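These figures come from a predicted structure and were not determined experimentally. Here is how names work: the chains are called A, B, and so on, in the same order as the sequence lines, proteins then strands, and each is numbered from 1.
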Amino acid sequence: MPPSPPSTPLLPLQSFDIAKFANRFAAHLQLLAAALHKASASAATGPTPLLCRLRALHAHILASGFKPRAHILNRLIDLYAKAGDLPSARRLFDAASPAPTDAVAATSLVNAYAASGHLPLARCLFDRTPLPARDTVFYNAMISGYARAGNGLPALLVFCEMLQDGFRPDDYTFTGVLSAAAAIIGLEPTHCGQLHCSVVKSGTEHAISVSNALIALYFKCDSPDTAVIAREVFDRMVERDELTWTTMVVGYVRRGDITEARQVFDDMEGRFNVVWNAMISGYVHCGLFLEALEMFRKMKSIGIPLDEFTYTSVLSACESAGLFNHGKAVHAHIIRSGSDLNPVSALPVENVLVTLYSKCGKIDVAKRIFDDIERKDPVSWNSILTGYVNCGHIDDALAIFNVMPHKHELAWLVMISGFVHNGLAEEGLKLFSRMRAEGAKPCDYTYASTIAACGELGALKHGQQLHAQLIQFGYESSNSAGNALLTMYAKCGAVEEAHIVFLVMPNLDSISWNAMIAALGHHGHGREAIELFDQMIGGGIFPDHITFLTILSACNHAGLVDEGFRYFESMKNDYGISPGEDHYAQLIDLLGRAGRIREAWDMIKSMPFEPGPSIWEAVLSGCRIHGDMDLGIHAAEQLFKMIPRHDGTYVLLSNIYAAIGRWENVARVRKLMKDRGVKKEPGCSWIEVANKVHVFLVNDARHPEVQEVYKFLEILGVKMRKLGYVPDTKFVLHDVESEKKEYALSTHSEKLAVGYGLLKLPAGATVIVLKNLRICGDCHTAIMFMSKAVGREIVVRDVKRFHHFKNGECSCGNYW
DNA sequence: ATAGGGTTAG
């Protein structure tokens, strides 16, 4: 804690003669400068204690009637500038004009302006200083000012001006020039070479700071060759400082070369904690969390000072690795070790703690930490917002969002994607509109989330509008937006559009491939999906567990049993990806649909883990298709045991009882629910509703029968609410900002169709599926089963053609 | 010179 400003005068004025004053002042100013240098970042706003002392001293100087000579004046200006009181510095400077004979004061001011982000002011002063008053240091101030602000080109121009004006650059000049050059994006290796040459010519290459800047410059170039040169510069250095090691380690880390970084680190002489921190954060960025933790442990044990940077990286490692107990231990360590954390630079620590606690489900702890943060910044707000969203507390998140002082771009994004993930896609769209109305600028990720919302809603027109906006904003080459568009078009049934997006995307990543394969699979194009998968492999893209989930699902949709098996094996053997529960579930679903329910059963028994809900769901659906009711009920009951409070299970179980007409069991389910305090009605009501339903396949909102469909949906929606159901996304009536209501169902409705289609339908009941989409895999399957169930032909119109379903087959020849 | 918050695929 710096001393508070003295209330009594610093100096007893009467005891010194004027000459001695001058010396005393100079000495005091010197002391203040040293104190100022030590007290770097301070949390306090307003005048700092040091500034108060400076003002008091200045007041003494004025009161003494002593007219400070140039060097004292310069020092005063410098101190005011460094203490952050630029207006005072400027006043003194201007009062000393118009005859500044040296550049010292101007340099101080240029430095201060640049440091406080007022580059134009610095430049203005720079330009107004006449040539005779300039010196090398003066140019250096301007150059390093630009360099620190990341303005590479202006810095180089000042450097040229300096040479033209006939000044000799020194090591400081080159340190500035090189770090300015490093800020230029797309710098060519030849440029680095040219700068390197002029460094050598000037004879400053032995200065450590110049070599350091040179190394940083070569690393920034991001080519393997320049990294080698950086290494050569490093090897030739006779003397190295902390910055040298940091630059090397960070250089390798940024290139993703963690091994080289570690080698440099191991060669390091000295115990610089910044380098340790850099190494830890390097490990975290590479996903090597355990190595990061090990390094932290070692750092602690050999007594390298830990600081805010260390804690932030280590906590982030714990959070990313899911090692919450470890994270809590580090938190405890921070508290135990006393609060020697700088309140300004500890902010990232607090922010990552918020993330850590919310990630492990302790949102209340996260909230407490958040509330205790004194000076919350946008990251703090976004962290707690994300915490609530990820815990599914979307209402709390919204409440926080609404009281946020400055809604950062990311906050909008988190909120919109939060809505979409919590089944409130429509709210997401509304929020996007609000964002635009409030003049906030969406980034490509925001577009990605909003477009995903359209996909969930099946709101093709809105999706197209967003597509157009995206191009206007210049985001058309963004991968995230492209992937979202592709998926949106596929979910709206426009596979061709999706494919076009896929074809024109400049940088396909594994998500793009997965999305396109899924799009084809969902629409029943199993063969094409497989073909695309092979292309993906041929293109050297490594498939992940989602790719295999997708390809298995595609095989499932297309009834490609053998292919499904082949890919399941290949996943394990060729790619070393061990199948998870979902992969097994796909395969079991596939077998079940093909009537090979016993094989599916064997597969379950051979699984390396206990079957979970998705497995039993797959068994259940297989049993429903092929009438193996004993196994089906077994599956339903397993499901029931696993998630006893999951309403869906009650629905599922009573559905299957109802389907085989065992109404007494349906009643038992009702009673069970009552006993267990589940408020909702069991699922048989759904069936009662569904069996009387006339639903149409609709591609076009202007379809003559669409009004009837709307009416039905409204009745169904009301009825469901009366029964205590909250209609899920499949049946929500979407009012999508247009004048006329657009009732859109997402691809999930197909699953519903499968469910309904397989029920025993009373004579005369017709179940057709409402869609404004084209017929795709599951939907097709469902209708084929329906045609078998009702024993007569069902004709549905697709966008392109009519499909005639009869006796479980379709005129288009597609096997389900 | 080292640190913290985000998206899209199943």
Subject >> Given B/dG10, B/dA3, B/dT8, the nucleotide with the shortest approach to the side chain of A/H285 >> reply: B/dA3
**OP:** Provide, to the nearest angstrom, the distance between the CG atom belonging to A/L486 and the P atom belonging to B/dT7.
**Re:** 19 Å
**OP:** State whether A/S281 places a side-chain N or O below 4.0 Å from either non-bridging phosphate oxygen (OP1 or OP2) of B/dA3.
**Re:** yes
Original post:
Nearest to the side chain of A/A278 - B/dA3, B/dG10, B/dT2?
Top reply: B/dT2
Subject >> Nearest listed nucleotide, side chain of A/N351, among B/dG4, B/dT8, B/dG10 >> reply: B/dG4
**OP:** Check if the side chain of A/S480 and the base of B/dT8 share a donor-acceptor pair of N or O atoms closer than 3.5 Å.
**Re:** no
Original post:
Touch check for A/E242, heavy atoms < 4.0 angstrom, all strands: base, sugar-phosphate only, or nothing?
Top reply: base
**OP:** Please work out if A/H421 contacts a base, only the sugar-phosphate, or nothing of the nucleic acid, heavy-atom cut-off 4.0 Å.
**Re:** sugar-phosphate
Original post:
Are more than 12 heavy atoms from other residues, nucleotides or ligands located less than 6.0 Å from atom NZ of A/K328?
Top reply: yes
Original post:
To the nearest angstrom, how far is A/W412 atom CH2 from B/dT7 atom P?
Top reply: 17 Å
**OP:** Taking only the side-chain nitrogens and oxygens of A/S417, find out if one of them lies under 4.0 Å from OP1 or OP2 of B/dT7.
**Re:** yes
Exercise answer: donor-acceptor pairs, residues 463-470 of chain A side-chain atoms, under 3.5 Å, sequence neighbours excluded:
from	atom 1	to	atom 2	distance (Å)
A/H467	ND1	A/Y489	OH	2.8
A/Q469	OE1	A/R436	NH1	2.7
A/Q469	OE1	A/Y447	OH	2.7

Subject >> Nucleotide nearest A/F309 when distance is taken to its side chain, options B/dG4, B/dT2, B/dG10 >> reply: B/dT2
Original post:
Any N or O donor-acceptor pair linking the side chain of A/N382 to the base of B/dG4 at under 3.5 Å?
Top reply: no
Original post:
Nearest of B/dA3, B/dG5, B/dT7 to any side-chain atom of A/P348?
Top reply: B/dA3
**OP:** For residues A/F533 and A/P543, report the shortest heavy-atom separation together with the two atoms involved.
**Re:** CE1-CB, 4.2 Å
Original post:
Is it the case that more than 12 heavy atoms not belonging to A/Y172 sit under 6.0 Å from its OH atom?
Top reply: no
Subject >> Nucleotide B/dG4, atom P - distance to CG of A/D307 in whole Å >> reply: 13 Å
**OP:** Describe the nucleic acid contact of A/D544 in one word from base, sugar-phosphate, nothing, applying a heavy-atom distance below 4.0 Å.
**Re:** base
Original post:
Can you name the residues that form a salt bridge (charged side-chain N to carboxylate O under 4.0 Å, His left out) with A/R262, not counting sequence neighbours?
Top reply: A/D266
Original post:
Of all the nucleotides listed (B/dT8, B/dG6, B/dG10), which has the minimum atom distance to the side chain of A/H545?
Top reply: B/dG10
**OP:** Quick one: label A/D377 by what it contacts on the DNA or RNA (base, sugar-phosphate, nothing), any heavy atom closer than 4.0 Å.
**Re:** base
Original post:
Where the side chain of A/A515 is concerned, which of B/dT2, B/dG6, B/dA9 is the nearest nucleotide?
Top reply: B/dA9
Original post:
Given atom NZ of A/K491 and atom C1' of B/dA9, what is their separation to the nearest angstrom?
Top reply: 9 Å
Original post:
Under the criterion side chain to side chain donor-acceptor pair (under 3.5 Å), which of A/S209, A/S144, A/S211 is the partner of A/T175?
Top reply: A/S209
**OP:** Let me know the distance between CG of A/D509 and P of B/dG10, rounded to the nearest Å.
**Re:** 13 Å
Original post:
Which one, B/dG5, B/dT7, B/dT2, comes nearest to the side chain of A/N277?
Top reply: B/dT2
Subject >> Salt-bridge criterion met for A/D371 and A/K367 (N-O under 4.0 Å) >> reply: yes
Subject >> Whole angstrom value for the distance that separates P of B/dG10 from CG of A/L587 >> reply: 20 Å
**OP:** With heavy atoms under 4.0 Å as the rule, sort A/R254 into base, sugar-phosphate or nothing.
**Re:** sugar-phosphate
Subject >> Whole-Å distance separating the CG atom of A/N556 from the C1' atom of B/dG10 >> reply: 13 Å
**OP:** Identify which nucleotide among B/dT8, B/dG10, B/dG4 has an atom closest to any side-chain atom of A/A518, counting heavy atoms from C-beta outward.
**Re:** B/dG10
**OP:** Looking at every strand, decide which applies to A/S313 at a 4.0 Å heavy-atom threshold: base, sugar-phosphate, or nothing.
**Re:** sugar-phosphate
**OP:** Nearest whole angstrom, please: distance from the P of B/dA9 to the OH of A/Y445.
**Re:** 13 Å
Original post:
Between B/dA9, B/dA3, B/dA1, which nucleotide has the shortest distance from any of its atoms to the side chain of A/E308?
Top reply: B/dA3
